[in-house]
Amino acid sequence: MKVYFDNAATTPMAPEVITFMAEHMNNLFGNPSSVHGFGRPVRSAIEKARKKIASYVNAQPGEIFFMSGGTEADNFVLIQSVLSLGIKRIITSPIEHHAVEHTVRYIERMGWAKAEWLSVDEKGNISLAELEEKLKSGPLALVSLMHANNEIATMLPLEEAALLCKKYQALFHSDTVQTMGHYTFDLQKIPVDFITASAHKFHGPKGVGFLFVRKGIGLQPFIHGGSQERNMRGGTENVLGILGMEKAMDLAYENLTQHREHILSLKHGMMKGLLEKIPQVRFNGETDPGRSLYTVLNVSLPTEKLDQEMFLFNLDIAGIAASAGSACSSGSQTGSHVLSAIGIPQGYVPVRFSFSRYNNAEEVEYVINKIVEILKINTANVEPSAPKS
Ligand SMILES: Cc1ncc(COP(=O)(O)O)c(C=O)c1O
């Protein structure tokens, strides 16, 4: 059996997305900037996608900018807020994705702005009181806080944080890469200034995403070249990627509740099954369903004998794809900055499992049994029940 429980790293493309993109590969090859009959339909397909995507988050089409994904969009917001809006202070958290964290550190190294780091509790929650204290006591700031953490699932109270930023006239960016396509957004109600999204996290293609910039905020272009994306991002558009993202958004939002219930039942089934068979198991990050991203479960498994790499290797041999945390930091020997920030217990190995609508309960059971087997072979202090398969 092969089980893919690494959907926070990337999701498989929906078959409907693949069909949609394939259909357009032939007939929409013109350059969207060409004014002839091959270019015009491509331009109108892009603008239709922009309109549709904007409607899903209740934004205006002119507030949506297509780009190469979450990393570029995060870089764009942070760097251009500092360079073109005169921001001198960035308030952020130590558990942001590297696309934000490393960019903030780069901005500091360049001497463009100062970073202020909020503290997080043992579940990765920030304190809104601390945010307010910081907002009160300094010059105009950009606040950058992710909607949901990709490693430990902890979610930010987006609306409350946005309202606080508005109260103190700070700009507010939220990296919504893990929540776009999985939660609804009403950007007319939530006063966030920038959000960033990436299609491959919701069964769309890789290398495409979007940035929402609230109307009236005058960011300067990030990539210079042609006049694409209303002069904000030069370069011929990733046409098929944009269309694939549009289709992936359609599929995500048409059946959001159904997908959410299904995925949540897998996550809860996994928690319950693990607790039954391995009572010492711990869950990292927020697990309260109202404040925890339903696609992600970060588990600490009791073993002194296996390190994380060996544990994942054992899972891989059993056909199970899970991860250490952020896929973008795999290969780095420094460990997860997120788990370091919240602290995890000694004698345990942290593993992230992340689910999608294409997973099922049988897979959950298989994975639990394999975990038990791996621990049984390698650890004396676990008394698992017999695996079923
Ligand atoms: C929270 C978060 N932000 C940003 C990114 C980067 O997105 P992309 O892979 O589209 O560059 C990721 C991807 O892992 C992510 O999980």
Side-chain angles (χ1 to χ4, degrees), residues 4-13 17 53 64-79 90 92-106 120 124 126 143-156 158 161 173-183 185 192 194-212 222-223 233 235 238 240-242 244-245 248-249 252 285-286 292-298 321-332 336-339 341-342 352-356:
Y4 185 75
F5 275 2
D6 198 14
N7 290 280
T10 194
T11 52
M13 274 179 34
V17 170
I53 288 171
I64 303 293
F65 297 89
F66 294 129
M67 42 200 64
S68 69
T71 303
E72 184 187 330
D74 286 340
N75 270 262
F76 194 146
V77 170
L78 293 161
I79 293 176
I90 301 177
T92 186
S93 89
I95 63 165
E96 298 303 305
H97 188 272
H98 281 161
V100 168
E101 197 227 330
H102 286 179
T103 310
V104 170
R105 293 196 192 281
Y106 169 74
V120 288
I126 61 137
V143 175
S144 181
L145 293 170
M146 68 202 312
H147 188 200
N149 185 274
N150 51 302
E151 294 191 38
I152 55 170
T154 305
M155 290 189 76
L156 175 79
L158 188 64
H173 161 238
S174 186
D175 175 329
T176 56
V177 167
Q178 289 291 339
T179 50
M180 185 59 60
H182 302 284
Y183 290 80
F185 289 85
V192 60
F194 314 104
I195 64 168
T196 41
S198 179
H200 74 103
K201 307 290 186 179
F202 53 92
H203 306 287
K206 292 171 184 54
V208 64
F210 69 87
L211 162 64
F212 158 85
F222 187 55
I223 293 189
R233 190 212 186 244
N238 176 359
L240 288 171
I242 292 167
M245 176 160 66
M249 290 279 272
E286 192 54 75
S292 175
L293 175 63
Y294 59 89
T295 51
V296 170
L297 177 64
N298 197 308
S323 101
S326 177
C328 317
S329 28
S330 62
S332 108
S336 154
H337 68 290
V338 176
L339 294 178
I342 62 168
R352 178 185 72 180
F353 298 97
S354 45
F355 315 98
S356 85

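Whatever order the structure lists ligands and atoms in, that order sets their numbers, starting from 1.
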Engineer: At under 4.0 Å between heavy atoms, is it the side chain or the backbone of K201 that contacts ligand 1, or both, or neither?
Structural biologist: side chain

Engineer: Could you check if a side-chain atom of K201 sits within less than 4.5 angstrom of a side-chain atom of M180, using non-hydrogen atoms only?
Structural biologist: no

Engineer: Short N/O distance, under 3.5 Å, between D175 and ligand 1?
Structural biologist: yes

Engineer: Is there a polar contact, in the sense of an N or O pair closer than 3.5 Å, between T71 and ligand 1?
Structural biologist: yes

Engineer: Under 3.5 Å, is there a donor-acceptor pair between the H147 and S174 side chains?
Structural biologist: no

Engineer: Does H200 have a heavy atom less than 4.0 Å from any atom of ligand 1?
Structural biologist: yes

Engineer: Under 4.0 Å from a heavy atom of M146: give me the atoms of ligand 1 that qualify, with their elements.
Structural biologist: 1 (C)

Engineer: Could you list the atoms of ligand 1 found under 4.0 angstrom from a heavy atom of S198?
Structural biologist: 8 (P), 10 (O)

Engineer: For ligand 1, find out whether one of its N or O atoms is nearer than 3.5 Å to an N or O atom of A99.
Structural biologist: no

Engineer: Output the list of atoms in ligand 1 that are nearer than 4.0 Å to some heavy atom of G69, sorted by atom number.
Structural biologist: 10 (O)

Engineer: Do any N or O atoms from the side chain of T176 and from the backbone of T196 form a donor-acceptor pair under 3.5 angstrom?
Structural biologist: yes

Engineer: Mind running side-chain contact (heavy atoms from CB on, under 4.5 Å) on F66 and R233 for me, showing each step along the way?
Structural biologist: CA-CA 8 Å; F66 294 129; R233 190 212 186 244; over 6 Å; no

Engineer: Pairing donors with acceptors under 3.5 angstrom, does anything connect the side chains of S144 and E96?
Structural biologist: no

Engineer: Which word best sums up how the rings of Y294 and Y183 line up, parallel for under 30°, tilted for 30 to 60°, or perpendicular for over 60°?
Structural biologist: tilted

